[in-house]
Amino acid sequence: YRKNLLDNGSFQLTQRRNNLLDAVSYVYTTAAFFFYDRWACVLGAGVTATIAGATSLSKTAPTKRMSYMDVTSVITPQVVTVYQRVLNARQYEAKTLTLSALVDVPAAVLSAGAVQAVVSLNYGTGGTPAATVTLGTYTISTSGEQIIDLQVSMPTSVDLAEYGTNGNDYIQVAFSYFLVQSVPVKFGYMQLEEGSAPSPFELLTYAEELERCAPHFQCSYSQSQKIGAVTALGQERFQAGGTD
């Protein structure tokens, strides 16, 4: 049992780039990428996004620190999705899970369209049903800093054969919203935990977050080299103390 099922729930670690989170930003133009370790982002065509850390004036966050994606170029209005997955979903069947998060949504973003948090279940390759099943949706309808709270019930399987044979079943937590240039949505903490009520936000040290994320670590470049350079190391390796 672990209180927070999401690795890097407070966005302290970065993946595949320099670990100086508050001092370094990077411009992404690809359709999908990892921006904080274990958190992925999907962008549409024609978007340039600068990923950076921020220090907020939050009264709720234990460290007063929130993270954000600042979109610097948007050709057409479109939705961005930020998500993370918890593998081996079958171990949580028939349980109640609670998603809680600290978010700061600008009024301009709400004016562009709905901001939603969605918890879903995928039974894995070869599973039944084959499509992703939505367990619960939380729609943010007010602007400003707020804590969201969403309870979902995991289904009970008639037979474990309902899950795929590759062991790649997962629970997904996703946040979707319309991109507004230079008006970022900020995320402070994310928690997905067993039970029907959220507990206080879990504040882990950098070292604790790194230990959790280490099994998923990939370093394709040296610590100081940005993504996309031609001087790739040519192999994946673990680099202690670094989070490229």
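In this chain, residues are counted from 1 in sequence order.
For the atom pair CG (Leu5) and CG (Leu192), the distance works out to 5.0 Å, reported to the nearest 0.5 Å. Atom CD1 of residue Ile171 and atom CG of residue Leu121 lie 6.5 Å apart, to the nearest 0.5 angstrom.
Distance alone, capped at 3.5 Å, is enough to place a donor-acceptor pair between the Asn122 side chain and the Gly124 backbone. Judged purely by atom type and a 3.5 angstrom limit, Glu145 has no side-chain atom pairing as donor or acceptor with the backbone of Asp104. Counting only distance, with no hydrogens or angles, the side chain of Thr98 and the backbone of Gly195 share a donor-acceptor pair below 3.5 Å. A donor-acceptor distance shorter than 3.5 angstrom exists from the side chain of Gln146 to the backbone of Thr142, with no hydrogens or angles considered.
Across all non-hydrogen atoms, the minimal contact from Pro106 to Pro184 is CG-O, 3.2 Å. When every heavy atom of Gly9 is checked against every heavy atom of Asn4, the shortest pair comes out as CA-ND2, 4.1 Å. Between Ala101 and Met190, the closest heavy-atom pair is CB-SD, 3.3 Å. The two atoms that bring Ala108 and Val183 nearest to each other are CB-CG1, 4.2 Å, heavy atoms only. In terms of heavy-atom proximity, Gly113 sits nearest to Phe178 at CA-CD1, 3.5 Å. The heavy-atom pair separating Arg90 from Gly167 by the smallest distance is NH2-CA, 4.2 Å.
Side-chain atoms of Tyr163 and Thr165, non-hydrogen and from C-beta on, never get closer than 4.5 Å to each other. For the pair Asp169/Leu87, no side-chain contact is recorded, criterion being any heavy-atom separation below 4.5 Å from C-beta on. Side chains of Pro198 and Gln191 form no contact here, defined as non-hydrogen atoms less than 4.5 Å apart. At a threshold of 4.5 Å between non-hydrogen side-chain atoms, the residues Tyr170 and Asn88 do not count as touching. Annotation: side chain of Val115 is in contact with side chain of Val109 (closest heavy-atom distance under 4.5 Å). A heavy-atom distance below 4.5 Å is found between the side chains of Ile147 and Phe201. Annotation: side chain of Tyr123 is in contact with side chain of Val133 (closest heavy-atom distance under 4.5 Å).
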Take Leu135 and Ser120 through the side chain to side chain contact (heavy atoms under 4.5 Å, CB included) test and state the conclusion after the steps. CA-CA 5 Å; Leu135 301 178; Ser120 55; 5.6 Å; no
Are Phe175 and Phe187 close enough, and set up right, to give a ring-ring contact (aromatic ring centres under 6.0 Å, His included), and what steps lead you there? CA-CA 10 Å; Phe175 289 80; Phe187 298 101; 5.3 Å; yes
Pair Ser100-Asp149, side-chain hydrogen bond (donor to acceptor under 3.5 Å, both in side chains): steps then yes or no: CA-CA 5 Å; Ser100 57; Asp149 178 6; over 6 Å; no
Side chain to side chain contact (heavy atoms under 4.5 Å, CB included) evaluation trace for Ile140 with Ile148: CA-CA 8 Å; Ile140 299 175; Ile148 70 168; 4.0 Å; yes
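With hydrophobic clusters built from ILVMFWY side chains whose heavy atoms lie under 4.5 angstrom apart, Leu99 does not share a cluster with Leu204. Note: the hydrophobic cluster containing Val86 also contains Met154 (ILVMFWY, side chain heavy atoms under 4.5 Å, direct or indirect links). Grouping the Ile, Leu, Val, Met, Phe, Trp and Tyr side chains by contacts below 4.5 angstrom, directly or via other members, places Leu179 apart from Val118. Residues Val80 and Leu110 fall within the same hydrophobic cluster, defined by Ile, Leu, Val, Met, Phe, Trp and Tyr side chains chained together at heavy-atom separations under 4.5 Å. Under the 4.5 Å side-chain heavy-atom criterion for grouping Ile, Leu, Val, Met, Phe, Trp and Tyr, Tyr177 is connected to Tyr138 within one hydrophobic cluster.
Side chains of Ser10 and Glu209: a donor on one and an acceptor on the other come within 3.5 Å. Remark: the Thr139 side chain and the Gln116 side chain contain an N/O donor-acceptor pair separated by less than 3.5 Å.
Remark: of the listed residues Gln84, Arg38, Arg85, Arg212, Gln84 is the sole one forming a side-chain contact (heavy atoms from CB on, under 4.5 Å) with Leu6.
Counted within 6.0 Å of CD on Glu211, heavy atoms from surrounding residues, nucleotides or ligands total 12 or fewer; the atom is thus considered open.
Between Glu193 and Lys3, no side-chain nitrogen of the basic residue sits less than 4.0 Å from a carboxylate oxygen of the acidic one, so the salt-bridge criterion is not met.
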